Amino acid sequence: MAVLSSPFHATTDFLCPNSHLRSFRCRPTSISRHRPFIINFASKPKKEILDYDQKREFLEQYGLNPDEFLSKPSPKTKRRKEQGNTGNENHTHLEGPKPPRETHKLLQVLGGTARRKKLLSPKSMDVRPMMEVVKGAAFSILQAAGGCTQYLRPGRWLDLYSGTGSVGIEAISRGCSEVHFVEMDPWVVSDVLRPNLESTGFLDVSVIHSVRVEIFLKNAERFVGKDGVFDYISVTPPYMLVDYAELMDQVSNSSVVGENTFLVVEYPLRTGMLESYACLVKIADRRFGRTHLAIYGPKWAQKKSKVET
């Protein structure tokens with residue numbers, strides 16, 4: 001870097017690779033036959049801007065009086081910088097590692113071969129299992145629709161947004177031959193779902209898919225094969241994170257749904273649910289406080305439920 005004078009120009013520039021320049025005009029320190037020259041400071045990114053002392057030292061290196069070019073920073077500016085740095089330090093200090101996620105055993109299997117066995121669930125509210133009263137009502141409706149009040153008709157169950165796996169585990173306990181669990185949270189799978197399957201002895205008849213539900217539904221044949229139709233499907237998503245109209249459209253148009261499939265949907269208050277999806281019709285709709293339970297199935301199950309009521 002240098003200060004250059006040129007007989008061909010009226011001014012002289014301090015050369016810098018940065019194109020954003022700040023100019024200071026000054027008088028020459030000695031008699032010269034050239035006109036007054038210009039010193040240009042290159043503006044750098046915020047973290048690399050020269051402070052007041054560095055600018056003074058820079059000007060003194062070229063025999064210039066810094067007081068002619070620079071004004072001292074005001075006390076307010078200094079105070080602001082100090083407060084800003086302190087605030088950043090405090091903010092960084094507050095950002096510590098997240099506490100480990102913990103579990104407890106508040107859930108249990110309600111019926112079947114694993115009745116009364118305790119299940120793990122997260123202590124935090126990021127995973128919300130189906131309430132036991134809702135789960136009990138859902139299986140009672142399904143068993144009645146299938147013609148048996150004690151057990152489910154044998155078949156395969158698909159547990160979407162499985163979380164703790166309490167719904168799918170209940171299905172195995174009550175007679176299902178195989179359950180596919182779809183859960184994308186790795187910690188929930190390793191520390192909650194899998195231990196629950198091991199403790200109930202159902203790991204051998206279970207398949208866990210660690211993938212997003214929409215990806216699973218879109219590529220169902222890749223995950224479960226061409227004969228991927230399930231007899232039962234439970235849909236228990238986090239209420240505020242899904243669009244139910246879009247979700248139900250994805251489920252009903254997926255290859256996992258067949259003519260005799262039963263669909264169990266848990267949904268929040270003030271959510272519009274249609275009377276039918278694809279070939280399935282609504283056979284039951286129950287309310288439990290702010291939680292609603294809708295069950296869809298084949299038309300013969302709807303007629304049977306009307307006769308029984």
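Because the structure is predicted, anything quoted here is derived from the model rather than measured. If you read the sequence from its start, that first residue is 1, and numbering goes on from there.
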Ring centers of F181, H209 separated by less than 6.0 Å = no
Near-ring test F139/W157, centroid separation under 6.0 angstrom | yes
Determine, stepwise, if the pair T291 / M131 fulfils side chain to side chain contact (heavy atoms under 4.5 Å, CB included).
-> CA-CA 9 Å; T291 300; M131 294 187 298; 3.9 Å; yes
Are side-chain heavy atoms of [X] and [Y] found at a separation under 4.5 Å?
{"X": "N260", "Y": "W300", "answer": "yes"}
{"X": "F223", "Y": "E221", "answer": "no"}
{"X": "Y244", "Y": "P237", "answer": "yes"}
{"X": "I172", "Y": "T113", "answer": "no"}
{"X": "I233", "Y": "V264", "answer": "no"}

Any sub-3.5 Å donor-acceptor pair from [X]'s side-chain atoms to [Y]'s backbone N or O?
{"X": "E132", "Y": "Q108", "result": "yes"}
{"X": "Q143", "Y": "T149", "result": "yes"}
{"X": "S199", "Y": "P195", "result": "yes"}
{"X": "T103", "Y": "S121", "result": "no"}
{"X": "E170", "Y": "L110", "result": "yes"}
{"X": "D231", "Y": "T261", "result": "no"}
{"X": "D249", "Y": "A245", "result": "no"}
{"X": "T164", "Y": "P129", "result": "no"}

Quick one: do D185 and R101 satisfy salt bridge (charged side-chain N to carboxylate O under 4.0 Å, His left out)? Show the steps, please.
-> CA-CA 12 Å; D185 190 325; R101 299 166 77 178; 3.2 Å; yes
Residue that, paired with Y296, satisfies ring-ring contact (aromatic ring centres under 6.0 Å, His included) out of Y277, F262, Y232 = Y277
Nearest 0.5 Å, please: how far is [atom2] in [Y] from [atom1] in [X]?
{"X": "L107", "Y": "S166", "atom1": "CG", "atom2": "OG", "result": "5.5 Å"}
{"X": "L293", "Y": "R287", "atom1": "CG", "atom2": "CZ", "result": "13.5 Å"}
{"X": "E102", "Y": "L120", "atom1": "CD", "atom2": "CG", "result": "12.5 Å"}
{"X": "C148", "Y": "L142", "atom1": "SG", "atom2": "CG", "result": "12.0 Å"}
{"X": "L263", "Y": "L280", "atom1": "CG", "atom2": "CG", "result": "6.5 Å"}
{"X": "S254", "Y": "E214", "atom1": "OG", "atom2": "CD", "result": "12.0 Å"}

Which atom names give the shortest non-hydrogen contact between V229 and R156, and what distance separates them?
-> O-NH1, 3.0 Å
Y151 six-ring centre to R174 NZ/CZ under 6.0 Å and within 45° of normal | no
Pairs satisfying salt bridge (charged side-chain N to carboxylate O under 4.0 Å, His left out), at least one member in residues 258-277, at least two apart | R128-E266, E275-K282
Residue pair D285 / Y267, side-chain donor-acceptor N/O under 3.5 Å | yes
Assign the ring pair F230 / H180 to parallel, tilted or perpendicular, where the plane angle (0 to 90°) is split at 30° and 60°.
-> perpendicular
